[in-house]
J.: 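Take a look at the following structure, please.
These values consider heavy atoms only, across backbone and side chains, with no hydrogens, waters or symmetry-generated copies.
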Amino acid sequence: FIWIGTTMGLLRWDGYSYNSITQFNNIEINEIYADPYNKEILWLGSQKKIFQFNISTLTEVSFDITKKLNKNIVTTFLKDRMKNLWVGTNKGLLKFDNSMSNSQLFMPDSSNQNCISSKGINILFQDSDDNIWIGTDNGLDLYNYSGNNFSQYLEKSKYNKSTRGVTSIAQDSNGDL
């Protein structure tokens with residue numbers, strides 16, 4: 001199947017026709033992520049919740065993220081090798097432990113160089129060395145597991161602002177980003 005998020009819900013394309021998944025009618029699905037550790041699970045992002053959706057049983061579990069981030073839009077997901085779920089939004093970065101019972105919010109702080117560089121999170125990427133890279137509206141960040149903080153890699157222009165937001169990250173066969 002091909003799963004399609006729309007402004008009005010979730011569709012499943014079987015190669016011949018579209019089927020609407022009714023429990024998501026009138027919910028804007030901004031992001032879809034296939035769980036790399038469970039082939040039956042899709043993670044769906046909306047403006048108020050994330051959903052753990054089982055594609056075999058067509059059932060979901062929802063997680064309200066407005067307690068941590070109000071008026072956000074999910075932009076990207078990543079499940080790391082420790083099975084933590086990272087959720088990037090336009091208002092910050094959330095990290096859930098593998099049980100989904102504990103979460104941590106990462107936000108920028110102009111007085112702290114070891115924080116995330118922007119609340120606008122565009123892409124999450126785990127490289128072959130298990131490093132978590134975050135593409136933000138303000139540049140590229142690297143998550144440091146040992147310190148639970150970030151290193152910022154910002155390209156500055158002559159106006160002392162990041163020249164571009166990072167919207168995609170890839171690694172080549174030599175291991176270079």
J.: Using only atom types and a distance under 3.5 Å, with no angle test, would you say the side chain of Asn122 pairs donor to acceptor with the backbone of Val166?
T.: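 Pair found, side chain donor or acceptor close to backbone of Val166.
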J.: Rounded to the nearest 0.5 Å, what's the gap from CG on Asn149 to CD on Gln113? Could you check?
T.: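 If we round to the nearest 0.5 Å, Asn149:CG and Gln113:CD are 11.5 Å apart.
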J.: To the closest 0.5 Å, what do you measure between CG (Leu93) and OG (Ser118)?
T.: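 Going from the CG atom of Leu93 to the OG atom of Ser118 covers 11.0 Å.
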J.: Please round to the nearest 0.5 Å and tell me the distance separating atom CG of Asn90 and atom CG of Asn72.
T.: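 Going from CG on Asn90 over to CG on Asn72, the span is 6.0 Å.
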J.: For the residue pair Ile169 and Leu140, establish whether any side-chain heavy-atom pair is separated by less than 4.5 Å.
T.: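 Contact flag for Ile169/Leu140 side chains = yes.
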J.: Drop me the distance from Ser103's OG to Asn84's CG, to the nearest 0.5 angstrom.
T.: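 Output value for this atom pair is 11.5 Å.
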J.: Apply the test side chain to side chain contact (heavy atoms under 4.5 Å, CB included) to residues Thr89 and Val87: give CA-CA distance (whole Å), side-chain angles for both, the deciding distance (0.1 Å), then the verdict.
T.: CA-CA 6 Å; Thr89 77; Val87 182; 4.2 Å; yes
J.: Any link between Tyr153 and Ile123 through a network of hydrophobic side chains (Ile, Leu, Val, Met, Phe, Trp, Tyr) touching at under 4.5 Å?
T.: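 The answer is yes; both residues are in one hydrophobic cluster.
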J.: Scan side-chain atoms only and decide if Trp43 and Asp35 contain a donor-acceptor pair under the 3.5 Å cut-off.
T.: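 Note: Trp43 and Asp35 side chains meet the donor-acceptor criterion.
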J.: Any heavy-atom pair between the side chains of Lys119 and Leu105 that's under 4.5 Å?
T.: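 No, their side chains stay 4.5 Å or more apart.
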J.: Between Asp130 and Tyr145, do the side chains contain an N or O donor and an N or O acceptor separated by less than 3.5 Å?
T.: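 Checked: Asp130/Tyr145 side chains show no N/O donor-acceptor pair below 3.5 Å.
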J.: Any chance you could lay out the side chain to side chain contact (heavy atoms under 4.5 Å, CB included) test for Glu60 and Ile41, step after step, and finish with the verdict?
T.: CA-CA 9 Å; Glu60 92 279 344; Ile41 297 296; over 6 Å; no
J.: Is there a side-chain hydrogen bond (donor to acceptor under 3.5 Å, both in side chains) between Ser20 and Asn25 once you walk through the steps?
T.: CA-CA 8 Å; Ser20 178; Asn25 284 353; 2.9 Å; yes
J.: Report the C-alpha separation of Leu177 and Phe125 in whole Å, then their side-chain angles, then the decisive distance to 0.1 Å, and conclude whether the side chain to side chain contact (heavy atoms under 4.5 Å, CB included) test is met.
T.: CA-CA 10 Å; Leu177 293 184; Phe125 179 79; 3.7 Å; yes
J.: Assess the residue pair Asn98 and Tyr37 against the criterion (side-chain hydrogen bond (donor to acceptor under 3.5 Å, both in side chains)); give the C-alpha distance rounded to whole Å, side-chain angles, the decisive distance to 0.1 Å, and a yes or no.
T.: CA-CA 11 Å; Asn98 60 8; Tyr37 300 102; over 6 Å; no
J.: Can you say whether the rings of Tyr18 and Trp13 are parallel (under 30°), tilted (30 to 60°) or perpendicular (over 60°)?
T.: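 Aromatic pair Tyr18/Trp13 classed tilted.
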J.: In terms of hydrophobic clustering (I, L, V, M, F, W, Y; side-chain heavy atoms under 4.5 Å; direct or indirect links), are Ile27 and Phe63 co-clustered?
T.: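 No; Phe63 is not reachable from Ile27 via cluster members.
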J.: Under 4.5 Å between any side-chain heavy atoms of Ile116 and Ile121, yes or no?
T.: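 A side-chain contact exists here, since the closest heavy-atom pair is under 4.5 Å.
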J.: Give the C-alpha distance, both sets of side-chain angles, the deciding distance and a yes or no for ring pair (Phe, Tyr, Trp, His ring centres under 6.0 Å) between Trp133 and Tyr143.
T.: CA-CA 6 Å; Trp133 295 90; Tyr143 177 70; over 10 Å; no
J.: What is the minimum heavy-atom distance between Asp97 and Ser101, and which atoms define it?
T.: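 Closest approach of Asp97 to Ser101, heavy atoms only: OD1-N, 3.1 Å.
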J.: Is it the case that the side chains of Asn138 and Thr136 hold a donor-acceptor pair, with the cut-off being a distance below 3.5 Å and no angle test?
T.: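 Looking only at side-chain atoms, Asn138 and Thr136 do not form any donor-acceptor pair under 3.5 Å.
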J.: Determine the minimum heavy-atom distance between Arg12 and Ile21, stating which atoms define it.
T.: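 Closest approach of Arg12 to Ile21, heavy atoms only: CB-CD1, 4.3 Å.
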J.: Side chains of Glu40 and Ser56: do they bring a donor and an acceptor to under 3.5 Å?
T.: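 Their side chains do contain a donor-acceptor pair, which is all the 3.5 Å distance test asks for.
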J.: Should the pair Trp86 and Phe106 be assigned to parallel (<30°), tilted (30 to 60°) or perpendicular (>60°) ring geometry?
T.: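 Trp86 and Phe106: parallel rings.
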J.: Under 3.5 Å, is there a donor-acceptor pair linking the side chains of Ser146 and Asn144?
T.: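 On atom types as modelled, these side chains do not qualify, holding no pair under 3.5 Å.
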J.: Can you see whether Asn148 engages Gln104 through a side-chain donor-acceptor pair at a distance of less than 3.5 angstrom?
T.: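 Result is yes, a qualifying pair exists.
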J.: Can you give me the closest heavy-atom contact between Ile50 and Met100, atom names plus distance?
T.: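 The answer is CD1-CE, 3.9 Å.
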J.: How about Gln171 and Ser128: does a side-chain donor come under 3.5 Å of a side-chain acceptor?
T.: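 The answer is yes; a qualifying pair exists.
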J.: I would like to know whether Asp64 and Lys49 meet salt bridge (charged side-chain N to carboxylate O under 4.0 Å, His left out); could you show each step before the answer?
T.: CA-CA 5 Å; Asp64 186 348; Lys49 295 181 180 181; over 6 Å; no
J.: Going from CD1 on Ile29 to CG on Leu44, what distance comes out if it is rounded to the nearest 0.5 angstrom?
T.: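 Rounded to the nearest 0.5 Å, the CD1-CG separation comes to 5.0 Å.
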J.: Going through the checks in order, is the side chain to side chain contact (heavy atoms under 4.5 Å, CB included) test met by Thr59 and Gln52?
T.: CA-CA 8 Å; Thr59 58; Gln52 182 184 45; over 6 Å; no
J.: Tell me whether Met8 is reachable from Phe53 by hopping between hydrophobic residues (I, L, V, M, F, W, Y) whose side-chain heavy atoms are closer than 4.5 Å.
T.: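 Not linked; separate clusters.
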J.: With a 6.0 Å cut-off (strictly less than), is the heavy-atom count around NZ of Lys48, excluding the residue itself, greater than 12?
T.: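 It does not: Lys48 NZ has 12 such atoms or fewer within range.
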J.: Given side chains that start at C-beta, do those of Phe150 and Ile134 come closer than 4.5 Å, heavy atoms only?
T.: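 Side chain of Phe150 against side chain of Ile134, heavy atoms only: contact under 4.5 Å found.
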J.: Determine whether the side chains of Lys79 and Tyr33 contain a donor N or O and an acceptor N or O closer than 3.5 Å.
T.: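 Per modelled atom types, Lys79 and Tyr33 side chains form no pair under 3.5 Å.
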J.: Determine whether a donor-acceptor pair (N or O, by modelled atom type, separation under 3.5 Å) exists between the side chain of Glu28 and the backbone of Thr6.
T.: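 The answer is no, because no donor-acceptor pair under 3.5 Å joins these two groups.
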J.: Measure across Leu142 and Asn131 and return the closest heavy-atom pair with its distance rounded to 0.1 Å.
T.: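 Taking every non-hydrogen atom into account, CD1-CB, 3.6 Å.
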J.: Would you say Glu31 and Ser46 make side-chain contact, with heavy atoms under 4.5 Å?
T.: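 No, side chains not in contact.
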J.: Between Ser151 and Asp141, is there a side-chain donor-acceptor contact under 3.5 Å, judged purely by atom types and distance?
T.: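 Note: Asp141 and Ser151 side chains miss the donor-acceptor criterion.
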J.: With a 4.5 Å cut-off on side-chain heavy-atom distances among I, L, V, M, F, W and Y, is there a chain of contacts connecting Leu42 to Val74?
T.: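 Leu42 and Val74: separate clusters.
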J.: With distance as the sole test, does Asp14 use its side chain to make a donor-acceptor pair with the main-chain N or O of Tyr16 at under 3.5 Å?
T.: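 Yes; at least one donor-acceptor contact below 3.5 Å.
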J.: Sequence neighbours excluded, which residues qualify as ring-ring contact (aromatic ring centres under 6.0 Å, His included) partners of Phe51?
T.: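 If we apply the ring-ring contact (aromatic ring centres under 6.0 Å, His included) test to Phe51, skipping adjacent residues, the hits are Phe24.
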J.: Among the clusters formed by ILVMFWY side chains lying less than 4.5 Å apart, do Leu58 and Phe1 turn up in the same one?
T.: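 They do share one cluster, since a chain of ILVMFWY contacts under 4.5 Å joins Leu58 to Phe1.
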J.: Got a second to check how far Asn30's CG is from Thr75's OG1, nearest 0.5 Å?
T.: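 The CG atom of Asn30 sits 9.0 Å away from the OG1 atom of Thr75.
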